[in-house]
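As the structure is a computational prediction, the values presented were derived from the model and not from experiment. Below, read A as the first sequence line, B as the second, and so on, with proteins coming before strands; counting in each chain starts at 1.
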There are 2 protein chains.
Amino acid sequence: MPSRQTVSSKRSAVIKALAHPSRLLIAEALMGGEMCVCDLKDLVGADMSTVSKHLSIMRQAGVLVSDKRGLNNYYRLACDCLGDFLRCLDQLAPRNVKTKPCC
Amino acid sequence: MPSRQTVSSKRSAVIKALAHPSRLLIAEALMGGEMCVCDLKDLVGADMSTVSKHLSIMRQAGVLVSDKRGLNNYYRLACDCLGDFLRCLDQLAPRNVKTKPCC
DNA sequence: TGTCTATTTGGCTAAATAACCAATTTGTTG
DNA sequence: CAACAAATTGGTTATTTAGCCAAATAGACA
């Protein structure tokens, strides 16, 4: 069984993979179904190589899976629990005052 | 109402606040109840100033709330949906092979 | 008030991350 | 096989982030 340390760093990698705005945008887009890299490039608006590296990070963390069909590489979410996750996030409003929890 | 852009960057900030191993460790520890900075310093094993900066990031992102009682500053989770969140993460096993979703 | 304790803030350096361009890989199709 | 398309990888530079030390705050209490 995995040690606490292993589990913790695994979790960190997954969160890190979602922490970049472009990567989060990609994850949100993929909630609607799989997309190929060139479509994601248009969505993000960055160089394809940049997008490819983002996708690589997300795939290595286990957030995405991909398969190649024809000329294109299609990516999709590895798990559909992401939706709940994002809804959870939205309950946390950013605040710099002390005290007063959100929920 | 907030724009898509605003919501997206807000989410990013929250995720970023949890993406660092020490900060995730802190969040996990606080699931068991509030703790003061000095206890968290022992937990993380870093300089108190470092821990304080981590806490500041998490508080600004809305993940934590704090209040001072006596000499100590106590921190706790702003929301208890974090538990579900972490359980969700654990479903995502890191893999570098292509295809084969986890769930 | 002066001192002690807990915490935060400022400043600096080292390390990690992101972005682009160029070059390479992999598979397609004429 | 040659030319092409989609995507990845390598290399470089700029930006961001993390960590420590030292200094500053804020409150408790003798």
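Comparing dT17(C), dT8(D), dT26(C) by their nearest atom to the side chain of K16(A) picks out dT17(C). Distance from the side chain of L71(A) is smallest for dG27(C) among the nucleotides dA18(D), dG27(C), dT8(C). Here the side chain of N72(B) is nearest to one of dC20(D), dT26(C), dT7(C), namely dT7(C).
S49(A) comes within 4.0 angstrom of a base, heavy atoms only. Among the heavy atoms of the strands lying under 4.0 Å from R23(B) are primed sugar atoms or P, OP1, OP2 only; no base atom is included.
Non-hydrogen atoms lying under 4.0 Å from DNA chain C are contributed by C36(B), V37(B), C38(B), all within residues 31-38 of chain B. Of the residues in residues 40-48 of chain A, those placing a heavy atom less than 4.0 Å from an atom of DNA chain C are A46(A), D47(A), in numerical order.
Place G70(A) and T50(A) on DNA chain C by their nearest nucleotides, and T50(A) ends up nearer the 5' end.
Computed from C1' positions of five pairs at each end, the angle between the two local axes of the helix from dT1(C)-dA30(D) to dG30(C)-dC1(D) equals 20°, rounded to 10 degrees.
For the pair R59(A) and Y75(A), the cation-pi criterion (under 6.0 Å, within 45° of the ring axis) is not fulfilled.
As a whole-Å value, the separation of N73(B) CG from dA28(D) P is 12 Å. The separation between L55(A) atom CG and dT8(D) atom C1' is 11 Å, rounded to whole Å. In this structure, L64(A) places its CG atom 14 Å from P of dA7(D), rounding to the nearest Å.
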